[in-house]
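Single-structure report; data block below.
Values below: all heavy atoms of this structure, side chains included; hydrogens, waters and symmetry mates excluded. Remember, predicted model here, so these are calculated numbers, not experimental data.
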Amino acid sequence: MVKDKKTKPSKELPLGFVDRKEKELLIRDFVISNIKEVMIKYGFQYLETPSFEYTDSIGKFLPDKERPDSGVFSFKDENKWISLRYDLTAPLARYVAKNYLEIPKPFKRYQLGSVWRNEKPGPGRFREFLQFDADYVGTKNLQADAELCVLISEILEKCGLDKKDYTVKISSRKLTDKLFEKLKITSKDQVSTTLRALDKIDRLGWEEAKKLLGEGRKDKSGDYTKGAKLSNDQIKKIETTLQGKIPDSEDISEILEIFKAYNFKNYKFDPSVIRGLEYYTGPIFEVNLNFQIKNLKGQTIQFGSIGGGGRYDNLVSNFGNLDCPATGISIGLDRLVFALMQKKDFKIKSTRPVIICVFDKDKIKEYVGILNKLRALNISSEIYPGEGKLKKQMEYANKLGSPAVILYGDNEIKSGKVTLKNLESGNESSIKIEELANEIKKLL
RNA sequence: GCAGCAGUAGCUCAGUUGGUUAGAGCACUAGUUUGUGGAACUAGGGGUCGGUGGUUCGAAUCCACCCUGCUGUACCA
């Protein structure tokens, strides 16, 4: 006895992967078209690199490891490990190193593409998502860093956000480096724990973050996280230094000067911005939304940043003896789209076709005649593609969200006119075939 | 990874000391209307009650383990 039910394939998706429907995709297209416009305006080149890279090219092989770390999706191809990229920055560094002699320096490129992360998904975070990256490669000039902030903000506003809806936070890795040196926080472990604790200030607040700098912290689910075990004296000094409103870092002051020249004001100096631990070497930025985000159940969730970046002057040199400073910024597009859908009531133009109802299969010639006239004018339209009575056809059109149906049965054929029914108002009008397209355009 | 909560129809959920063929609303299908959707009425389909094992005459209900989801936390190169 074989139970065939057990052999049926699962209709569930792997953890962290999602289907995306038309509404979201259309808003994403809208965002992407804004991005492209801005990037062209700012003089960036469009680039695409493949989804897979050799695992060691994207920095996944640590000296003492033979297998890729968890965090990337990998498999062994012949004898080499390859992985799905986890960001667009490492592939860019690889691309620059590979094509160093051909590309103009500085090199400005932007890229849109999916990236994959093999880790636990969170609210609004998936294991496959679309990222946008803009980078300046081959320049130490901080105008590049400043312009990235300006450009990201232009993109956000073009997508419909107000100035009060977002903030570009800026800090510098040099600031914390200097501070830690002064406080003699030198062990690698302590430095990274401290940085991570500081990274959480804006989410947890100073009081909670201080626990992480000291002994440790118990979160509201009861889980306990070990702290950096700094002395009270060190903690106090960190607090007073980082709460100072005046940036004690030359690169930040310089960027702020450039912001003035651009008349860019929607930034905030925030020393708690840390961003990843490894490759940043100078200014770092993070883009945060200032409005609440809810999940599909209507609960307000911790949304985090929608993008960020910074200067990584040593990344390209990993691939060879190239002295090639660089700086870049990226946006998580799907998260931005998710947030935008809550903020703005997007009026996405209907893409649903007008339906030509079928009364009689033998009249196909008449129906196609009307269809061709509409499609010649780029009006989305179709002859009812199913089988069934008029009622069923109306239900189909309604559920689809069609703007209108066209009725062309015996009565209409006799009178030489068609009936156009507006599905929103329910009104029907009898019009000449030659005027049909114009009437429909009024509805769209 | 750690912690809290939760898994009953496509969806939202009810099912209160364990007791016949497991329910509701919405959705779906058909009809009332052989040329009219979004309203109403009638009828109907659809569930190994997350899984496995155990306790019991009997389990959606009790016990154990596992799986999955949500949220928080950690990690996020």
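At a threshold of 4.0 Å, the pair A:Lys140-A:Asp145 does not count as salt-bridged, since none of the basic side-chain nitrogens sits closer than that to a carboxylate oxygen. Comment: A:Glu119 engages A:Arg125 in a salt bridge, judged by a side-chain N to carboxylate O separation of less than 4.0 angstrom.
At whole-Å resolution of the value, CZ in A:Arg335 and C1' in B:C76 are 12 Å apart. Rounded to a whole Å, the CG atom of A:Asn118 is 18 Å from the P atom of B:C75. With rounding to whole Å, A:Ile274 atom CD1 is found 16 Å from B:C75 atom C1'. One can place CD1 of A:Ile406 at 16 Å from C1' of B:G37, the figure rounded to the nearest angstrom. Note: OH (A:Tyr384) to P (B:G35) measures 14 Å, nearest angstrom. Rounded to an integer number of Å, the gap from CZ of A:Arg117 to P of B:G1 is 19 Å. Atom pair A:Glu387:CD and B:A30:P shows a separation of 12 Å (rounding to whole Å applied). In this structure, A:Glu286 places its CD atom 13 Å from C1' of B:C76, rounding to the nearest Å.
Nearer to the 5' terminus of RNA chain B, by closest-nucleotide assignment, is the contact made by A:Leu390 (compared with the other of A:Leu390 and A:Leu212).
For the pair A:Gln234 (side chain) and A:Ser231 (backbone), a donor-acceptor distance under 3.5 Å is present. Checked by atom type and distance alone, the side chain of A:Arg109 never pairs as donor or acceptor with a backbone atom of A:Phe44 at under 3.5 Å.
Note on A:Lys200: a side-chain N or O is less than 4.0 Å away from OP1 or OP2 of B:A74. A:Lys120 has no side-chain polar atom (N or O) that falls below the 4.0 Å cut-off from OP1 or OP2 of B:C2. The phosphate of B:A74 has OP1 or OP2 within less than 4.0 Å of a side-chain N or O from A:Arg203. Taking side-chain N and O atoms only, A:Arg275 has no distance below 4.0 Å to OP1 or OP2 of B:C76. The side chain of A:Lys392 places no N or O atom within less than 4.0 Å of a non-bridging phosphate oxygen (OP1 or OP2) of B:U36.
Remark: the separation of the P atoms in B:C26 and B:A22 is 22 Å, to the nearest Å. The same atom, C1', is picked in B:A14 and in B:U56; the two are 26 Å apart, to the nearest Å. Between the C1' atoms of B:G15 and B:U61, the separation comes to 9 Å (whole Å). B:A64 and B:A24 are spaced 33 Å apart, taking the P atom of each and rounding to whole Å. The C1' atoms of B:A60 and B:G18 are separated by 10 Å, rounded to the nearest whole Å. With both ends at atom C1', the span from B:C5 to B:G10 equals 24 Å, rounded to whole Å. Across B:A27 and B:U12, the matching P atoms stand 15 Å from one another, rounded to whole Å. Taking atom P on both nucleotides, B:C63 is separated from B:A77 by 43 Å, rounded to a whole Å.
For the pair A:Lys417 and A:Tyr408, the cation-pi criterion (under 6.0 Å, within 45° of the ring axis) is not fulfilled. A cation-pi contact, defined as under 6.0 Å to the ring centre and within 45° of the axis, links A:Arg20 to A:Phe126.
In this structure A:Ser380 satisfies the side-chain hydrogen bond (donor to acceptor under 3.5 Å, both in side chains) test with no other residue, sequence neighbours excluded.
A:Val72 comes within 4.0 angstrom of a base, heavy atoms only. As judged by a 4.0 angstrom heavy-atom cut-off over every strand, A:Leu407 is placed among the base-contacting residues. Residue A:Glu208 is out of contact with every strand shown, counting any heavy-atom pair closer than 4.0 Å. Residue A:Lys226 is out of contact with every strand shown, counting any heavy-atom pair closer than 4.0 Å. Among the protein residues, A:Arg125 comes within range of the nucleic acid bases, having at least one heavy atom under 4.0 Å from a base atom.
For A:Asn398 against B:G38, a side-chain-to-base donor-acceptor contact under 3.5 Å is absent. The base of B:G35 is not paired with the side chain of A:Gln393 by any donor and acceptor separated by under 3.5 Å. Scanning atom types as modelled, no donor and acceptor separated by under 3.5 angstrom connect the side chain of A:Glu395 and the base of B:U36. Residue-to-nucleotide contacts include no donor-acceptor pair under 3.5 Å from the side chain of A:Lys389 to the base of B:G31. On a pure distance criterion of 3.5 Å, no polar donor-acceptor pair joins the side chain of A:Asp410 and the base of B:G35. Not a single donor-acceptor contact under 3.5 angstrom links the side-chain atoms of A:Arg196 to the base of B:C76. On a pure distance criterion of 3.5 Å, no polar donor-acceptor pair joins the side chain of A:Lys391 and the base of B:U36.
Checked against A:Glu53 for a salt bridge (Lys or Arg N to Asp or Glu O under 4.0 Å), the options A:Arg85, A:Lys80, A:Arg94, A:Lys98 give a single hit: A:Arg94.
Nucleotide B:C62 forms a pair with B:G54, judged by Watson-Crick or G-U wobble geometry with both contacts under 3.5 Å. Taking a pair to require two hydrogen-bonding distances under 3.5 Å in either a Watson-Crick or a G-U wobble arrangement, B:C76 remains unpaired. Nucleotide B:G23 is matched to B:C13 when pairs are restricted to Watson-Crick or G-U wobble geometry with both distances under 3.5 angstrom. In this entry B:U34 has no Watson-Crick or G-U wobble partner, no candidate having both defining distances under 3.5 Å. Checking B:G44 for Watson-Crick or G-U wobble geometry (two distances, each under 3.5 Å) identifies B:C28 as its partner.
Residues A:Thr49 and A:Gln111 bring a donor and an acceptor atom of their side chains to less than 3.5 Å of each other.
A stacked arrangement is assigned to A:Tyr86 and the six-membered base ring of B:A77, with a centre-to-centre distance below 5.5 Å and an interplanar angle below 30°.
Side-chain contact between A:Tyr46 and A:Glu48 is absent, with no heavy atoms from C-beta onward closer than 4.5 Å.
Across residues 310-320 of chain A, not one residue has a non-hydrogen atom less than 4.0 Å from an atom of RNA chain B.
Annotation: ring-ring contact (aromatic ring centres under 6.0 Å, His included) contacts involving residues 382-404 of chain A, sequence neighbours excluded, comprise A:Tyr384-A:Tyr396.
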